[in-house]
Visitor: 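Handing you a structure now.
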Amino acid sequence: MNKSTSGNKLHIARWLLIGLYLISTLVFGGQMEHSTGQLFLLGSTLVLMHAPKRYGWKGTFIFIATAYIVSTILEDMSIRTGFPFGNYHYTLGGLHIDQVPALVGPVYIAVGYMSWTIGSIILDHADKHLDKKFNLIALPAVSAFIMCQFDLVQDPLTSTFDGIWIWENAGGIFGVPLVNFLGWYLTCYLFMQIFAIYLSKNSQIIIESGDTEKKSYWLQPVIFYLLIGLSYIGHYLHQVNSDEVITDLAGNVWGVANLHETAVGIMLFTMLYSVVLATVRLFKPKQ
């Protein structure tokens, strides 16, 4: 089997994976616990099928390791000290690294890679021009904002509603404190900045091949990120007529239907906006 045939099969396999994620979100659209599992498993698989075509296996490993280590250390630090996310604790069982569930890191990896790719597209494939100081700082800075758009959408639902983690002092953003999102930005910026510095010093690992020259190659993580956002419409439709209320640890009462409606509204004007920007940039005719 020649490299071209192998590459085409992998390209098709990635689209099938994205299709599987779409089907799974349609089937389990109202069940938050299934959404987290789908993102963990299928999102991480997409990274392993997509990133090596651009960064090789070594570069992919560096991204994965950096994202996992930085996010786990800062999550554990915050559980113990309140910095940088605030005071909270997880309720999940299973394997933990100290006080952080082991599956938390792969979510940072999966959504982080998609956010990094979208940021790179918006900045005209800045990942291959990191010798320029502007790109070296701008790419992780922009990509971290895109990653935090996801967190802004999902945190009230996965914490206040689903209780996967609990904010001990609650907060004004549907039970989530503002400091959480500042901590997310810091965490995402740090591991992306480390990866950007690594690439700037090892630019030879970036692969430009027939696969990475296809617009559809770049579109794949963009579409996956879009589907993550659109999945919250399913959650909303499942709860739209709910009159259930939830009381957080600070005594604030939140309407479940309002939680889900707000998530969709935020998603439309943050995550979807980034997807539109990246897609326009991909298909904009060359001058």
Visitor: Can you tell me how far apart CD1 (Ile206) and OG1 (Thr212) are? Round to the nearest 0.5 Å.
Guide: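 Going from the CD1 atom of Ile206 to the OG1 atom of Thr212 covers 10.0 Å.
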Visitor: For the OH atom of Tyr236 and the OG1 atom of Thr262, what is their distance to the nearest 0.5 Å?
Guide: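 Nearest 0.5 Å value for the OH-OG1 distance: 9.5 Å.
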Visitor: Got a second to check how far Met114's CE is from Met147's CE, nearest 0.5 Å?
Guide: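 Here the rounded value is 9.5 Å.
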Visitor: Can the ring centres of His96 and Tyr90 be said to be less than 6.0 Å apart?
Guide: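 Between Tyr90 and His96, which both carry aromatic rings, the centre distance is not below 6.0 Å.
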Visitor: Backbone N or O of Leu136 within a donor-acceptor pair of the Gln193 side chain at under 3.5 Å?
Guide: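 Confirmed, Gln193 side chain pairs with Leu136 backbone.
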Visitor: Would you check, one step at a time, whether the test side chain to side chain donor-acceptor pair (under 3.5 Å) holds for Asn180 with Asp151?
Guide: CA-CA 9 Å; Asn180 166 69; Asp151 189 52; 3.2 Å; yes
Visitor: Do other residues, nucleotides or ligands put more than 12 heavy atoms under 6.0 Å from the CZ atom of Phe269?
Guide: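 Atom CZ in Phe269 is not packed in, count stays at 12 or less.
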Visitor: State, yes or no, whether a side-chain contact exists between Lys128 and Arg54 at a heavy-atom distance under 4.5 Å.
Guide: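 A side-chain contact under 4.5 Å exists here.
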Visitor: Given side-chain contact (heavy atoms from CB on, under 4.5 Å), test Trp254 with Thr160 step by step and report yes or no.
Guide: CA-CA 9 Å; Trp254 308 101; Thr160 306; 3.9 Å; yes
Visitor: Under a 4.5 Å cut-off applied to non-hydrogen side-chain atoms, are Thr247 and Asn252 in contact?
Guide: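 Thr247 does not reach Asn252 side chain to side chain.
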Visitor: Looking at the rings of Tyr68 and Tyr108, which for Trp means the six-membered one, are their centres under 6.0 Å apart?
Guide: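 Not close enough - the centres of the two rings lie 6.0 Å or further apart.
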Visitor: Measure centre to centre between the rings of Tyr55 and Phe63, then say whether the value is under 6.0 Å.
Guide: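 No, ring centres 6.0 Å or more apart.
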Visitor: Would a hydrophobic clustering, with Ile, Leu, Val, Met, Phe, Trp and Tyr connected at side-chain separations under 4.5 Å, put Ile228 with Val276?
Guide: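 Yes, Ile228 connects to Val276 through the hydrophobic network.
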Visitor: With a sphere of 6.0 Å drawn around CZ of Phe145, does it hold more than 12 non-hydrogen atoms of other residues, nucleotides or ligands?
Guide: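 Open: at most 12 neighbouring heavy atoms sit under 6.0 Å from CZ of Phe145.
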Visitor: Decide side-chain contact (heavy atoms from CB on, under 4.5 Å) for Asp76 and Arg80; before the verdict, give the C-alpha distance in whole Å, the side-chain angles of both, and the deciding distance to 0.1 Å.
Guide: CA-CA 6 Å; Asp76 194 61; Arg80 291 183 173 279; 3.6 Å; yes
Visitor: Quick one: does any side-chain atom of Ser78 pair with a main-chain N or O of Leu74 as donor and acceptor, under 3.5 Å?
Guide: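 Answer holds: no.
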Visitor: Can you get from Phe283 to Leu123 by hopping between Ile, Leu, Val, Met, Phe, Trp and Tyr side chains that sit under 4.5 Å apart?
Guide: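 Result: yes, single cluster for both.
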Visitor: Could you tell me if the side chain of Val176 sits less than 4.5 Å from the side chain of Phe181, heavy atoms only?
Guide: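 A side-chain contact under 4.5 Å exists here.
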Visitor: Passes side-chain contact (heavy atoms from CB on, under 4.5 Å), Tyr88 versus Ile166? Steps please.
Guide: CA-CA 5 Å; Tyr88 67 101; Ile166 304 295; over 6 Å; no
Visitor: With hydrophobic residues grouped by side-chain heavy-atom distances under 4.5 Å, do Leu182 and Tyr185 end up in a single group?
Guide: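 Different hydrophobic clusters.
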Visitor: Shortest non-hydrogen contact from Asp127 to Ser120?
Guide: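 That closest heavy-atom pairing would be OD1-OG, 3.1 Å.
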Visitor: Consider only side-chain heavy atoms of I, L, V, M, F, W and Y, link residues closer than 4.5 Å, and tell whether Ile62 and Ile207 are in one cluster.
Guide: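 No, it is not one cluster - the side chains of Ile62 and Ile207 are not joined through contacts under 4.5 Å.
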Visitor: Nearest 0.5 Å please: distance from the NE2 atom of His50 over to the NE2 atom of His11.
Guide: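 Nearest 0.5 Å value for the NE2-NE2 distance: 8.0 Å.
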Visitor: Do other residues, nucleotides or ligands put more than 12 heavy atoms under 6.0 Å from Lys214 NZ?
Guide: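 Counting neighbours around NZ of Lys214, more than 12 heavy atoms of other residues, nucleotides or ligands fall under 6.0 Å, so yes.
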Visitor: Can you name the closest pair of heavy atoms from Pro106 and Ala102 and give their distance?
Guide: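 Between these two residues, the closest heavy atoms are CD-O, 3.2 Å.
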Visitor: With a 4.5 Å limit on heavy-atom distance, are the side chains of Ser143 and Leu139 in contact?
Guide: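 Yes, at least one pair of side-chain atoms sits under 4.5 Å.
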Visitor: When rounded to the nearest 0.5 angstrom, what is the spacing between CZ in Phe150 and CG in Asp155?
Guide: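 These two atoms lie 8.0 Å from each other.
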Visitor: Just do the side-chain contact (heavy atoms from CB on, under 4.5 Å) check on Tyr189 and Ile137 with the steps written out, would you?
Guide: CA-CA 10 Å; Tyr189 174 77; Ile137 302 299; 4.2 Å; yes
Visitor: Taking the six-membered ring for Trp, are Phe161 and His235 closer than 6.0 Å centroid to centroid?
Guide: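 Ring centres of His235 and Phe161 not closer than 6.0 Å.
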Visitor: Looking at every non-hydrogen atom in both residues, tell me the closest pair between Arg281 and Asp124 and how far apart they are.
Guide: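 That would be NH2-OD1, 2.7 Å.
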Visitor: For the ring pair His129 and Phe134, is the centre-to-centre distance below 6.0 Å?
Guide: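 No, they do not, as the ring centres are separated by 6.0 Å or more.
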Visitor: Kindly indicate whether the side chain of Thr25, heavy atoms from C-beta on, has any atom under 4.5 Å from the side chain of Leu227.
Guide: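 In short, these two side chains do not touch, never coming nearer than 4.5 Å.
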Visitor: Please lay out, stage by stage, how His89 and Gln99 fare under the test side chain to side chain donor-acceptor pair (under 3.5 Å).
Guide: CA-CA 8 Å; His89 62 271; Gln99 299 186 70; over 6 Å; no
Visitor: Are any side-chain N or O atoms of Asp162 and backbone N or O atoms of Ile164, one a donor and one an acceptor, separated by less than 3.5 Å?
Guide: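 No, Asp162 side chain to Ile164 backbone: no donor-acceptor pair under 3.5 Å.
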Visitor: Test of understanding: clusters of I, L, V, M, F, W, Y form through side-chain heavy atoms closer than 4.5 Å, transitively. Do Val153 and Val179 belong to the same one?
Guide: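 The answer is no; the residues belong to distinct hydrophobic clusters.
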Visitor: Can you check whether Trp218 reaches Glu213 side chain to side chain, under 4.5 Å on heavy atoms?
Guide: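 They are not in contact (no side-chain heavy atoms under 4.5 Å apart), so the answer is no.
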Visitor: Could you check whether any side-chain heavy atom of Gln38 comes within less than 4.5 Å of a side-chain heavy atom of Tyr21, counting everything from C-beta outward?
Guide: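 They are in side-chain contact.
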Visitor: Where do Pro221 and Thr117 come nearest, in terms of heavy atoms and distance?
Guide: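 For Pro221 versus Thr117, the nearest heavy atoms are CG-CG2, 3.6 Å.
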Visitor: List the steps, then state whether side chain to side chain donor-acceptor pair (under 3.5 Å) holds for Tyr273 with Gln149.
Guide: CA-CA 10 Å; Tyr273 175 64; Gln149 292 170 356; over 6 Å; no
Visitor: Show the numbers, then the answer: is there a side chain to side chain donor-acceptor pair (under 3.5 Å) between Ser71 and Glu75?
Guide: CA-CA 6 Å; Ser71 63; Glu75 289 256 357; over 6 Å; no
Visitor: Which pair of non-hydrogen atoms, one from Leu152 and one from Pro156, has the smallest distance, and what is that distance?
Guide: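 Smallest interatomic distance, heavy atoms only, reads O-CD, 3.6 Å.
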Visitor: Hey, is the main chain of Gly251 close enough, under 3.5 Å, to the side chain of Asp248 for a donor-acceptor pair?
Guide: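 A pair under 3.5 Å: yes.
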Visitor: Any side-chain heavy-atom pair from Trp116 and Ile146 closer than 4.5 angstrom?
Guide: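 The answer is no, as the side chains (C-beta and beyond) never meet within the 4.5 Å cut-off.
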Visitor: Return the minimal non-hydrogen interatomic distance between Gly112 and Met192, and the atom names on each side.
Guide: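 Reported closest heavy-atom pair: O-CE, 3.5 Å.
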Visitor: Atom CD1 of Ile118 and atom OH of Tyr113: how far apart are they, to the nearest 0.5 Å?
Guide: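 Going from the CD1 atom of Ile118 to the OH atom of Tyr113 covers 11.0 Å.
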